[in-house]
Amino acid sequence: MKFQTPRGTRDILSPEVEFRNYIFEKSRELFEIYGFKEIVTPTFERTEVFTKGIGEASDIVSKEMYTFKDRKGRSLTLKPEGTAPVVRSFIQNKMYGKSLPIKLYYCSQMFRYEKPQAGRGREFSQVGVEILGTSDPLADIETIALVMNLYKELGIDQTKLIINSMGCRNCRKNYLQDLNKYLEIKSKNLCENCNFRIKKNPLRVFDCKVDQCKKILSKSPILRDYLCNECEDHFKNVLKGLESLRIEWQLDNRLVRGFDYYTKTVFEVTAPKLGAQDAICGGGRYDYLIEDYGGPLTPAVGVAIGIDRTVLVMMRMGIKPFSEKNIQVFLIALNDTAKKKAIVLLDDLRKNKIPSDMDYGNRGIKSQFKMADRLKAKYALILGEDELRNNKVSLKEMDTGKQSIINYDDVINYIKEKIKESK
RNA sequence: GUGAGCGUAGCUCAGCUUGGUUAGAGCGCAGGAUUGUGGCUCCUGAGGUCGCGGGUUCGAAUCCCGUCGUUCACCCCA
């Protein structure tokens, strides 16, 4: 019986794992600088937490969730996204009673039952931020600026910010009236799926990529033309703010993100080298979500960043931002007695925070040098009969090939000095 | 969910069209040339259920069917 990871999941090995940790590290650092606090929500929630906010008609809810029943028959779902749980927690923990806004970030695995592809797994990682309790366009701007700065920090350039506004309840009411009128006339020529969407959530018809539907929809009313004064103002302020931060954007009237909860600002950032899966983050404002979940009306905005795709871009762009932590010292023991002494020395080196290693097998000196070479060790320490007899060790600088004999008791300090010099 | 490509040594791949002795290469790995000294060179060696299952055939890595995994596009989205 051979085991392998389930479809769409994988082991994350070096060097990818180093990229991943680096991105986590940088994100956390930046989030804290922006004043966010971390929140950890459960890996699974009651299914309604997701169906309510994301929307029954959305692809994610209708066909991509890992939903199961527990032993008491309760329907639970592995989290497919991060915002709904944060909103649930905001209400459950009565955070609305604190001084608003509340700024939270999360780092977590997400689960969606999708057809796997590079940059699209069934388990994937996201980091994200949410600003809860302000309708100020500055929050939208801060969120976008944050991700753009993160990409800059990570060395990812050629990113593209795509932005749109989806309006509020008021402007959407008028828009939906006209859109429904339009769709009603055309419904015979629209696909079955679209007709289903019309019933559930007409905005989702823009997800359709059937040519016939696309053609019809390209002439449909556009939400942006229906924005009320407040929304229009909000959107203009967001764009102006981005301008003042020298962040370029690209308007996309058809950008309708795949969650029902979005209002006003929605945006996505795409990166090169990713083919079709090129969105590395996406987010927007969700002013009614908290109210819909039974909390007080609390406007909010957030963004989710895809870690796996960010790793892919960095690797494909040849970005290697972290310094390799190579072994500094490799111990070479030439007989059993030497070996016994070597493990003591090795322990000492490590207690002194000097990255060091040795061979545990019974290889010859040649092989051990080869290992030292492969590990890119700076120094090789040799313990053989001669050295043991005189309580010395031989130290060879791997780069220059220079070799010297030093007292056993001085080794740690000697190497510490050497490392300090080379810095 | 739809369509297509790929799966042969640790890695990258050749062989498959036109089925035929022990399935190859490069890199890597191990040992040696140099018995206490790495990188370069040379020599030698180990390593393969040809993804898995079934079928056709005297004979299958090669043809057919199924299956699993992966990649690409659609879709969705991070």
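In what follows, chains are A, B, ... by sequence order, proteins preceding strands, each numbered from 1.
- Residue A:Arg363 contributes atom CZ, which lies 11 Å from atom P of B:G32 at whole-angstrom precision.
- Rounded to whole Å, atom C1' of B:U37 lies 14 Å from atom CG of A:Leu381.
- For A:Gln117, the side-chain atoms get nearest to B:C74 when compared with the rest of B:C74, B:G36, B:A33.
- One distance of note links CG of A:Leu183 with CG of A:Leu176; it measures 9.5 Å at 0.5 Å rounding.
- The base of B:G36 has none of its N or O atoms less than 3.5 Å from a complementary donor or acceptor on the side chain of A:Gln403.
- For the pair A:Asp308 CG and B:C77 C1', the computed distance is 13 Å after rounding to whole Å.
- Relative ring orientation between A:Phe44 and A:Phe68 is described as perpendicular, the plane-to-plane angle rising above 60° on a 0-90° scale split at 30° and 60°.
- Among the heavy atoms of the strands lying under 4.0 Å from A:Gly401 is at least one base atom, whether or not backbone atoms are also near.
- For the atom pair CD1 of A:Ile12 and OG of A:Ser125, the computed distance is 5.5 Å after rounding to the nearest 0.5 Å.
- Summarising the geometry of A:Thr67 relative to A:Ser75, their closest heavy-atom pair is CG2-OG, 3.4 Å, with the distance given to 0.1 Å.
- Across all strands shown, the partner of B:G45 is B:C29, judged by Watson-Crick or G-U wobble contacts whose two distances both fall under 3.5 Å.
- Both the sub-6.0 Å distance and the 45° axial angle are satisfied by A:Arg122 relative to the ring of A:Tyr113.
- The list of side-chain hydrogen bond (donor to acceptor under 3.5 Å, both in side chains) pairs with a residue in residues 270-282 of chain A, not counting sequence neighbours, reads A:Gln277-A:Arg309.
- Between A:Tyr105 and A:Phe36, a ring centre-to-centre spacing not shorter than 6.0 Å is recorded.
- The phosphate of B:C68 has neither OP1 nor OP2 within less than 4.0 Å of any side-chain N or O from A:Arg7.
- Taking the P atoms as reference points, B:G48 lies 15 Å from B:A25, given to the whole Å.
- Ring-centre distance between A:Tyr261 and A:Tyr288: not below the 6.0 Å cut-off.
- When the P atom is compared between B:G55 and B:G10, the two are found 28 Å apart, to the nearest whole Å.
- Taking atom P in both B:U57 and B:U70, one finds a spacing of 35 Å when rounded to whole Å.
- One atom, CG of A:Asp278, and another, P of B:C74, lie 10 Å apart when rounded to the nearest Å.
- For B:U56 and B:C16, the P atoms lie 25 Å apart once the distance is rounded to whole Å.
- Between the CZ atom of A:Arg122 and the P atom of B:C68 there is a distance of 11 Å, rounded to whole Å.
- Among the nucleotides B:C75, B:C74, B:G36, the one closest to the side chain of A:Ala276 is B:C74.
- Nucleotides B:A30 and B:G3 have their P atoms positioned 48 Å apart, rounded to a whole Å.
- Put simply, the side chain of A:Val129 reaches to within 4.5 Å of the side chain of A:Thr143, judged on heavy atoms.
- When each of A:Gly384 and A:Val269 is assigned the nucleotide of RNA chain B with its nearest heavy atom, A:Gly384 is the one assigned upstream, toward the 5' end.
- Counting all heavy atoms, side chain and backbone alike, A:Ala145 lies closest to A:Leu245 at CB-CD1, 3.8 Å.
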Using a cut-off of under 3.5 Å, enumerate the N/O to N/O pairs linking the protein to nucleotides 44-50 of chain B.
residue : atom : partner : partner atom : Å
B:U49   : O4   : A:Lys2  : NZ           : 2.6

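- With hydrogens and angles ignored, a donor-acceptor pair closer than 3.5 Å exists between the side chain of A:Lys396 and the base of B:G38.
- Among the nucleotides B:C77, B:G36, B:U71, the one closest to the side chain of A:Pro116 is B:U71.
- Pairs passing the salt bridge (charged side-chain N to carboxylate O under 4.0 Å, His left out) check and including a residue from residues 135-156 of chain A, sequence neighbours excluded, read A:Lys26-A:Glu153, A:Lys103-A:Glu142, A:Asp140-A:Arg285.
- Nucleotide B:U21 forms a pair with no other nucleotide shown, judged by Watson-Crick or G-U wobble geometry with both contacts under 3.5 Å.
- A:Asp386 and A:Arg389 are joined by a salt bridge, as a carboxylate oxygen and a charged side-chain nitrogen come within less than 4.0 angstrom of each other.
- As judged by a 4.0 angstrom heavy-atom cut-off over every strand, A:Ala279 is placed among the base-contacting residues.
- Taking atom C1' on both B:G24 and B:A33, the two are 27 Å apart, rounded to the nearest angstrom.
- Base contact: A:Leu334 has a heavy atom under 4.0 Å from a base atom.
- Side-chain contact between A:Leu227 and A:Lys264 is absent, with no heavy atoms from C-beta onward closer than 4.5 Å.
- Straight-line distance from the CE atom of A:Met398 to the P atom of B:G39: 9 Å, rounded to whole Å.
- If you check residues 367-375 of chain A against RNA chain B, the residues with a heavy atom closer than 4.0 Å are A:Ser367, A:Phe369, A:Lys370, A:Asp373, A:Arg374, listed by number.
- Residue A:Ile144 is tested with A:Asn149, A:Val303, A:Ile163 for a side-chain contact (heavy atoms from CB on, under 4.5 Å); the sole match is A:Ile163.
- When rounded to the nearest whole Å, the span between CD1 of A:Ile332 and P of B:U35 equals 16 Å.
- Backbone-only engagement by A:Gly282 is indicated by non-hydrogen atom pairs under 4.0 Å involving sugar-phosphate atoms exclusively.
- What separates NZ of A:Lys366 from P of B:U41 is a distance of 14 Å, to the nearest Å.
- Between A:Ile382 and A:Phe369 the shortest side-chain heavy-atom distance falls below 4.5 Å.
- The nucleotide B:U67 finds its pairing partner in B:G51, both defining distances of the Watson-Crick or G-U wobble pair being shorter than 3.5 Å.
- For the C1' atoms, the distance linking B:G1 with B:U8 amounts to 32 Å, nearest Å.
- A donor-acceptor pair is defined here as one N or O able to donate and one able to accept, closer than 3.5 Å; no such pair exists between the side chain of A:Ser165 and the backbone of A:Phe235.
- Near RNA chain B, meaning a heavy atom under 4.0 Å from it, residues 145-155 of chain A has no residue at all.
- Between A:Leu312 and A:Ala118, the shortest heavy-atom contact is CD1-C, 4.1 Å.
- Using a 4.0 Å heavy-atom distance criterion, A:Glu123 is classed as making no nucleic acid contact.
- Checking B:U34, B:C75, B:U71 against every side-chain atom of A:Ala118, the shortest atom distance belongs to B:U71.
- Counting non-hydrogen atoms under 4.0 angstrom, A:Gly119 reaches a base of the nucleic acid.
- B:A14 and B:G26 have their C1' atoms separated by 11 Å, with the value rounded to a whole Å.
- A:Phe259 comes within 4.0 angstrom of the backbone, heavy atoms only, and of no base.
- Residue-level contact check: A:Ile307 touches neither bases nor backbone, having no heavy atom under 4.0 Å from any strand.
- Backbone-only engagement by A:Gly8 is indicated by non-hydrogen atom pairs under 4.0 Å involving sugar-phosphate atoms exclusively.
- Nearest approach of A:Ser58 to A:Ile54, heavy atoms of both residues: OG-CG2, 3.3 Å.
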Letter per nucleotide, 5' to 3', of nucleotides 1-6 of chain B [B base touched, S only sugar-phosphate touched, - untouched; heavy atoms, 4.0 Å]: BBB---
